[in-house]
Amino acid sequence: MKRIKLSHGSGGKLTHDLIAGTIRRYFDSPLLENLPDSASVDLHGCRAAFTTDSYVVDPVFFSGGDIGKLAVYGTVNDLAVSGSLPRFISCGLILETGFPQSELDKILFSMSEAAEAAGVDVVTGDTKVLPPGKVDKIYINTSGIGLYPKEASVPDGEICSGDKVLVTGPVGDHGAAVMACREGLNMESNVQSDCAPVTESARIILENSARVSFMRDVTRGGLATVLNEAVADKDVGIILQESGVPVRDGVRSISELLGIDPYYLACEGRIAAVVDAGHSGKVIEKLSGSISGGESVIIGEVSEKYAGKLVAETAFGTHRLLQMLSGEQLPRIC
Amino acid sequence: MSFEYLDNYRNPAQVAELGRKINDLAGGLDRRIRLMEVCGGHTMAIHRFGLPSLLPANIELISGPGCPVCVTPPQYIDAAIEWGRESGGILTSFGDLYRVPGSEMSLEDAAALGLDVRIVYSPLDALRIAEQEAGEEVLFLGVGFETTAPTVAATLEIASQKPGALFRVMSAHKTMPRALRALVGVEEVSIDGFILPGHVSTIIGTGPYDFLADEFDVACCVTGFEPVDILNGILSLTEQCCKTSFFVDNQYGRAVRETGNEKAKKLMMRVFETCAGNWRGIGCIEGSGLEIRDSWADYRVPGPDPHDQTAGDPKCRCGEVLRGVLKPPECPLFAKGCHPEKPVGPCMVSSEGACAAYYKYQKLSD
């Protein structure tokens with residue numbers, strides 16, 4: 001009998017296989033076709049983005065954030081990168097018997113602060129409590145609705161040779177922060193999660209370029225996984241300049257120690273986007289004056305070479321393939 | 001961690017210069033030389049930094065048996081799962097071992113069927129679980145070379161101070177020099193030089209490899225894992241081949257001494273004694289394994305008989321890959337029936353496995 005394994009939840013290839021091969025067989029709405037992070041739905045003439053996500057991060061409190069903050073920003077960011085303005089979210093709590101009320105208060109306070117910062121209202125919710133051991137402390141599900149501004153442009157999905165690839169800040173902070181806080185590693189580290197809303201950066205990217213061909217928030221699976229999705233089944237590829245990809249020293253330390261490539265470490269407040277070359281300079285300039293995108297840089301280019309592949313050019317001029325995350329284990333990062 | 005230090009070993013100008021020197025030297029050789037990187041960490045680093053494209057056509061790098069997970073035989077996984085089922089205890093393991101296929105299933109498959117398998121980052125974490133889950137037996141799967149064995153030994157010494165913790169170890173630990181002796185004698189492999197394992201050598205030193213140069217006329221160099229380290233190692237091996245003068249060079253002086261780490265060696269031998277070791281792909285090598293001594297018998301869960309050579313999946317050719325006879329892409333299953341997410345053999349599972357390295361950093365056709 002086939003059974004679900006831990007790797008089915010990795011966000012990598014096996015997760016995609018599970019969605020495409022099993023889950024999708026039962027749901028055939030045309031809106032699911034490209035499996036976007038949020039669906040673009042028509043509500044009697046008003047176009048809205050709709051998304052959902054569950055949060056099971058371990059530990060619940062980590063450097064730079066907690067499960068509550070993550071649950072708000074994670075859903076907000078899925079809405080924002082679709083080009084919509086996040087408006088409403090839900091709050092579904094699944095709690096373990098014995099979970100301290102004071103910690104729940106801390107998490108809810110953090111959610112309320114995050115919702116205010118992101119400009120969304122928590123408008124509905126649900127609570128379930130399970131016996132000890134049937135759930136690990138607390139899980140949160142949030143769903144969200146965002147509204148598309150009138151006449152607004154949205155990412156078109158057609159990346160072209162010559163387009164520039166940008167990221168709105170150093171990568172891997174969230175993954176490294178959670179790993180460092182995890183029981184068992186006991187690492188001294190000053191790395192903080194980058195957990196933050198990306199709504200402002202997404203607006204700047206959309207409003208200052210002629211064409212945004214791809215825009216996603218970088219989460220589980222990291223930069224390499226997201227950019228692999230950008231080139232999948234395309235007749236162009238992406239070449240990243242490895243020395244240009246920003247990675248904080250603390251994140252590099254943890255990556256070196258654990259033998260993990262920082263390009264596969266999760267972020268929770270970064271966008272990776274592909275924009276037309278002509279406007280890329282202006283986009284970076286505008287982003288650098290923003291709060292959420294102050295450390296934005298161009299990290300690579302779309303190329304006719306390497307169709308369908310993501311390739312890193314090393315500091316030595318050699319090229320190496322960056323595949324979609326497969327087989328590696330970083331469970332419960334978000 | 002200071003990156004100035006690390007960046008010195010990744011300096012592009014120095015990498016280019018070493019590449020030139022190696023090309024010049026190898027140009028004077030009228031033959032092809034085959035260099036084996038013994039350690040899986042080297043295999044990964046070589047491909048991660050794209051080093052093969054800097055080397056001349058007559059230097060061939062082949063991967064060796066230095067990935068501890070890869071050389072762990074399927075019988076060991078079977079024995080661990082069986083222990084879990086019979087005792088009802090908790091299995092703890094490094095993540096790399098989690099998805100390695102046994103004869104019937106992996107630890108991951110067994111966990112999906114209800115076995116309590118937990119991934120740890122160090123044997124001390126496993127001991128901590130044993131303290132927290134007092135009354136439950138906790139088995140640590142001891143897989144690794146001389147690099148890992150001293151940590152396991154230290155953990156057992158700490159465990160002996162904690163009577164409440166029911167901590168156990170099933171040892172599949174192995175030692176490197178005897179395996180190299182077994183490999184160097186095999187004609188089908190024909191190795192001109194060894195890039196010797198950096199981490200293992202920090203413990204055992206360079207002395208135990210002398211026989212390779214003295215008895216077998218093979219070039220040897222211990223080196224680190226950064227591009228400059230690896231290229232310095234390859235340069236040294238190429239020089240030794242050119243001059244037909246062989247010795248054990250040490251290009252990893254910042255970590256490796258000739259005599260190794262005496263304290264770690266003593267600690268290791270207080271807890272372990274040598275025994276026969278079963279290497280997947282190579283077979284049983286006398287004196288190449290480490291078993292827990294009788295004086296520590298309370299903590300010991302015996303592993304499978306190392307002389308049991310029943311094979312795993314007959315289509316899997318990891319054995320030939322581990323001996324350097326076959327390159328990963330030459331295996332008919334490579335990237336077809338065997339992927340990192342659905343591995344047939346251990347070399348595709350472990351983060352240091354040769355097949356995983358070749359798969360992850362597949363050659364790019366323009």
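A, B, ... follow the sequence lines: proteins, then strands. Residue 1 opens every chain.
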Can you confirm whether [X] is buried at [atom1], in the sense that more than 12 heavy atoms of other residues, nucleotides or ligands lie under 6.0 Å from that atom?
X      : atom1 : value
B/E104 : CD    : no
A/K234 : NZ    : yes
B/E17  : CD    : yes

Q: For the pair B/R10 and A/E242, find out whether any cationic side-chain nitrogen is under 4.0 Å from an anionic carboxylate oxygen.
A: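 Answer for the salt bridge query: no.
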Give, as side chain, backbone, both or neither, the part of [X] having an atom under 4.5 angstrom from any heavy atom of chain A.
X      : value
B/P343 : neither
B/V15  : side chain
B/L54  : side chain

Q) Is any side-chain heavy atom of A/M179 less than 4.5 Å from a side-chain heavy atom of B/Y121? A)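 A/M179 vs B/Y121: side chains touch.
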Q: Check step by step if salt bridge (Lys or Arg N to Asp or Glu O under 4.0 Å) holds for B/D7 and A/R252.
A: CA-CA 12 Å; B/D7 287 338; A/R252 243 182 105 182; 3.0 Å; yes
Q) Once you round to the nearest 0.5 Å, how far does NE2 of A/H8 lie from CD of B/E108? A)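 If we round to the nearest 0.5 Å, A/H8:NE2 and B/E108:CD are 8.0 Å apart.
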Q.
Is there a side-chain contact (heavy atoms from CB on, under 4.5 Å) between A/L321 and B/K360? Walk through the geometry before answering.
A. CA-CA 7 Å; A/L321 187 65; B/K360 188 168 175 186; over 6 Å; no
Q: Identify the two heavy atoms, one from A/F316 and one from B/P12, that lie closest to each other, and give their separation to 0.1 Å.
A: CD2-CA, 3.8 Å
Q) Just by distance, do the side chain of A/T318 and the backbone of B/L51 share a donor-acceptor pair under 3.5 Å? A) no
Q.
Quick check against the 3.5 Å criterion: does A/R320 have a side-chain atom that pairs as donor or acceptor with the backbone of B/G50?
A.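 No, A/R320 side chain to B/G50 backbone: no donor-acceptor pair under 3.5 Å.
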